[in-house]
Amino acid sequence: MGRRKIEMKMVKDNSSRQVTFSKRRTGLFKKANELATLCGAEVAIVVFSPGGKPFSFGHPTVDSVSDRFLNQDQEVPNVKARAGSSKNAKVDRLNQQLVDVMKRLQAEKKKAQSLDQKAKKAKASQTCQTQINELSLHELEKLKGSMEELRENVNSRVCEIEASFSLLLLAQKPIQEADMSVTKKAN
């Protein structure tokens, strides 16, 4: 199942809206974490669910980013000094762990899809075998007759194809002989 473009409008069903919110929130927080990790940016996101529950993500923390935003006109502390603090190092480590876990989760989801497909194929094969094992003697004899008829039809078709092939070869032989005689006369 691939991705498809969806129209940007309010999801009407409450249950679907909650699922959409949850998935999109996770994606938004993941992108914010990547931005903070890759660029060293300070990021804060606050989101309220359709039910009114708040969710937040901040790097290093929502409080520190919001304080910095609200106090822009005051002196900004040295970014390098903040990066060296043990608190920021811990947050960076936890963010990296989150990224690693998300990558593993995606890999596991792909494995699960692959295993589901293999299980479906195995089940289909097993179902066919089970169906044959459940046939009565009369039904098995009928199946045998159908299989023998199929074999005769296949053999007949093979003979027809071989005959057509032989005729094609015979039809090409005079053309090749005529070409050879024209070449000999030219020499």
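The shown structure was predicted, so the numbers you read here are calculated from the model rather than taken from an experiment.
For the pair T26/M102, a side-chain contact is recorded, criterion being any heavy-atom separation below 4.5 Å from C-beta on. The shortest distance between side-chain heavy atoms of E134 and E139 does not fall below 4.5 Å. For the pair L140/K144, no side-chain contact is recorded, criterion being any heavy-atom separation below 4.5 Å from C-beta on. By the 4.5 Å heavy-atom criterion applied to side chains, V65 and P60 are counted as neighbours. Put simply, the side chain of D116 does not reach to within 4.5 Å of the side chain of Q113, judged on heavy atoms.
R104 contributes atom CZ, which lies 9.0 Å from atom CD of Q97 (distance to the nearest 0.5 angstrom). Between the NZ atom of K30 and the CG atom of L28 there is a distance of 12.5 Å, given to the nearest 0.5 Å. Rounding to the nearest 0.5 angstrom, the gap separating the OG atom in S66 from the CZ atom in R68 is 12.0 Å. Between the CG atom of L105 and the CG atom of D100 there is a distance of 12.5 Å, given to the nearest 0.5 Å. With rounding to the nearest 0.5 angstrom, the OG atom of S22 is 12.0 Å from the CZ atom of R24. Here the CD1-OG1 distance, from I6 to T20, works out to 6.5 Å after rounding to the nearest 0.5 Å.
Screening N153, V154, I161 for a side-chain contact (heavy atoms from CB on, under 4.5 Å) with R157, the sole residue that qualifies is I161.
When hydrophobic clusters are built by joining Ile, Leu, Val, Met, Phe, Trp and Tyr residues whose side-chain heavy atoms come closer than 4.5 Å, directly or via intermediates, V47 is grouped together with F57. Note: the hydrophobic cluster containing V43 does not contain L98 (ILVMFWY, side chain heavy atoms under 4.5 Å, direct or indirect links). In this structure, F29 is a member of the same hydrophobic cluster as L35, with clusters built from ILVMFWY side-chain heavy atoms closer than 4.5 Å. Under the 4.5 Å side-chain heavy-atom criterion for Ile, Leu, Val, Met, Phe, Trp and Tyr, L150 and L143 are members of distinct hydrophobic clusters. A chain of hydrophobic side-chain contacts below 4.5 Å, direct or via other Ile, Leu, Val, Met, Phe, Trp or Tyr residues, connects F55 to I45.
S164 contributes a side-chain N or O that, together with a main-chain N or O of E160, makes up a donor-acceptor pair within less than 3.5 Å.
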Full working for salt bridge (Lys or Arg N to Asp or Glu O under 4.0 Å) between E108 and K111: CA-CA 5 Å; E108 291 300 322; K111 283 182 186 178; 3.6 Å; yes
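Nearest approach of H59 to A41, heavy atoms of both residues: CD2-O, 3.5 Å.
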